[in-house]
Structures are given as structure tokens and as C-alpha cells.
Amino acid sequence: RSISPYDPLAVDFGAMLAKPSRAHWLGTDSFGRDVLSRLIYGSQTALLVGIGASVFGATVGAILGVASAYFAGRIDLYMQRLMDIFLAFPLVLFALALVGAVPDTLLGLTGDALRVGLIVFIIGFFSWPYIGRIIRGQTLSLREREFIDAARSLGARTPRILFSELLPNLIAPILVYATLPIPTNILFEAALSFLGVGIRPPTPSWGGMLSDATHWFQIAPNFMVFPGLAIFVTVLAFNLFGDGLRDALDPRSR
């Protein structure tokens, strides 16, 4: 609360749909709540979902991608078919059904923590095949390199080859491709909140703010413009960051 000028949940019916002013820099919403304060708190949810789902998906994808390429044979065949199944799964419909049907308490989590955790799990669980296929391709090329043959000739076992030889050479592509889904995850969370199955009101979320603003766009257009602008700027920033990180860590992409 130290960086936001007001309590994002504080209702003031005397200042409903106020225009931007010195008291409220970005105006207020239909309940008189400060838009700037709600944007600041909504950014926490957006970043938590975007980064958390990317880390989860990248971790699972990297582990299964490396295992698929290194052990090859039937393991690789079964893993490829599993990736095909996940890639063909209707993620949006599944997320709408699962998030909308989840009980109020699950595994000790309630309220917003449960919603955020469920969204992170759904996005990460169904997005791992994208990075899994990329890491599999990288591992296939590294598996045939001379330093891997040298490690085998010296008697190195599989765990040592995986963690001491392969993994250090895969850190850069894992970091690069883990940042690329963050903008998509932020948009996905905003879409779920916009449809009413994501973060529940009155907790601030950018998608929920856009959903509320659709009823008051002609009276207070700033109520819709600022949340949309926040999503646009954040997604653009992460896209540029991912492209820059890829250029810096992957010389072959230059």
C-alpha cells in the first residue's frame, strides 16, 4: 500500500466515475475506487501469473525435453506423442470450464490465492510442450558433440552428463524461451478475468477492470483506456525484453 495513493478496495460513491484530477490522477471507477491504485495492485496479479506460469512451463518442458532427446528410443516416441496431445488440447475451453467450476477451497488454498494458483497451473501445465520441443532439439544437437563423447569415454554416468555437461549448455536457451510466453500468459489471465472466471471482484485485475469499463465507456472513457494501456505497455515491454534476451544469449539468432 505504500506505492499506491489509495486503498484499491476503498469505495467512495461520492466520487463515482470521476475524471483524472490532482486527487485521482487516472480518475475513479463506477464505485469511486481510484483507478491508479487498482492498476498498481492489478499488476501484481498479471506479473505473478505471467512469470509463474512461464517458470512452471519452462521447468517441466526443459526436464521432459532433455529426457526425451537424451534417452531417445521409445521414451522419445512416447514423449513426442504426449506433446502432440497437449498441443491439440483446447486450452481456452478447458480453462474456462475448470476455473469456473473450482470450489472455493482446494488443497488449503482459498480466494485469490486459489484462483492465481489454478491459473498458473493450467497455463504452465499445457504450455510446456512448446519449450519442450525446442529444448529437445537443442539436446539432440548437443548429445552428439565431442565433449559428450569425451565424458562417456571417461566413465561419466548419465546423471553427471545431464547435470554437468548438458544442462550448463542449455541454460541460455531455457532462459530465452522461458521469457517469450510471459506476454501471452498476461493476456490469457486478463481474458479470463474479463470473462468473469479469473480473479474475482473486488480484487483488482486488469481484465476485470476492462470488463467493468465496458458498461461506462461513453460516460468515462478513461476507465477503459488506462487498463488497456497498462496491458499493452506490459506485453510490449516483455516482448522487447524477450527479443533482446534472445539476441544477447543466442548468437545464432543474430
With distance as the sole test, does Ser153 use its side chain to make a donor-acceptor pair with the main-chain N or O of Ala150 at under 3.5 Å?
-> yes

Ser4 side chain to Ile40 backbone, donor-acceptor under 3.5 Å | no

Which distance, rounded to the nearest 0.5 Å, do you find between the CH2 of Trp206 and the CZ of Phe226?
-> 14.0 Å

Could you tell me whether Arg33 and Asp12 make a salt bridge, using a distance below 4.0 angstrom between a side-chain N and a carboxylate O?
-> no

Same cluster (ILVMFWY, side-chain, under 4.5 Å), Val92 and Phe125 = yes

If you round to the nearest 0.5 Å, how far is NE2 of His24 from OG of Ser37?
-> 8.5 Å

Sidechain N-carboxylate O distance under 4.0 Å for Arg81, Asp84 = yes

According to a 4.5 Å side-chain heavy-atom criterion applied to Ile, Leu, Val, Met, Phe, Trp and Tyr, with indirect links allowed, do Ile75 and Ile161 form part of one hydrophobic cluster?
-> yes

One should read off an interatomic distance between Ile148 CD1 and Tyr70 OH, to the nearest 0.5 angstrom, of 7.0 Å

When clusters are formed by joining ILVMFWY residues with side-chain heavy atoms under 4.5 Å apart, either directly or through shared neighbours, do Leu210 and Leu236 land in the same one?
-> no

Determine the minimum heavy-atom distance between Ala58 and Ala178, stating which atoms define it.
-> CB-CB, 3.6 Å

Taking the side chain as C-beta and beyond, is there a heavy-atom pair between Leu192 and Ile119 under 4.5 Å?
-> yes

Classify the ring geometry between Phe238 and Phe241 as parallel (under 30°), tilted (30 to 60°) or perpendicular (over 60°).
-> perpendicular

CZ/Arg160: more than 12 non-hydrogen atoms of other groups inside 6.0 Å = no

Do Asp112 and Thr203 have a side chain donor and acceptor closer than 3.5 Å?
-> yes

Kindly state each residue pair satisfying ring pair (Phe, Tyr, Trp, His ring centres under 6.0 Å) with at least one member in residues 127-167, sequence neighbours excluded.
-> Phe86-Trp128

Do Phe94 and Phe89 have ring centres separated by under 6.0 Å?
-> yes

Nearest-0.5 Å distance that lies between atom CE in Met209 and atom OG1 in Thr214 = 12.5 Å

Distance-minimising heavy-atom pair for Glu144 and Leu140 = CG-O, 3.7 Å

What heavy-atom pair brings Leu9 and Pro204 nearest, and what distance separates the two atoms?
-> CD2-CD, 4.1 Å

Whether Ser141 side chain and Gln138 backbone form a donor-acceptor pair below 3.5 Å = yes

Enter the distance from Leu118:CG to Leu98:CG here, rounded to the nearest 0.5 Å.
-> 5.0 Å

Check whether Leu17 and Phe217 end up in the same hydrophobic cluster, where Ile, Leu, Val, Met, Phe, Trp and Tyr are linked by side-chain heavy atoms less than 4.5 Å apart.
-> yes

Dump the intermediate steps for side chain to side chain contact (heavy atoms under 4.5 Å, CB included) on Met79 and Arg136, then the final yes or no.
-> CA-CA 10 Å; Met79 199 66 67; Arg136 174 183 175 272; over 6 Å; no

Would you check if the side chain of Arg115 reaches a backbone N or O of Val197 as a donor-acceptor pair within less than 3.5 Å?
-> yes

Donor-acceptor pair, Asn222 side chain versus Leu26 backbone, under 3.5 Å?
-> yes

Close side-chain approach of Leu162 to Val66, heavy-atom, < 4.5 Å = yes

Over all atoms of both residues, closest heavy-atom pair of Pro5 and Asp34 = CG-OD2, 3.6 Å

Calculate, to the nearest 0.5 Å, the distance between atoms CG and OG belonging to Leu82 and Ser68 respectively.
-> 9.5 Å

Give the cluster check for Leu39 versus Trp216: same hydrophobic cluster or not, with ILVMFWY residues linked at side-chain heavy-atom distances below 4.5 Å.
-> yes

Side-chain donor-acceptor contact under 3.5 Å, Ser54 with Asn185 = yes

Is there a donor-acceptor contact under 3.5 Å from the side chain of Arg143 to the main chain of Ala69?
-> yes

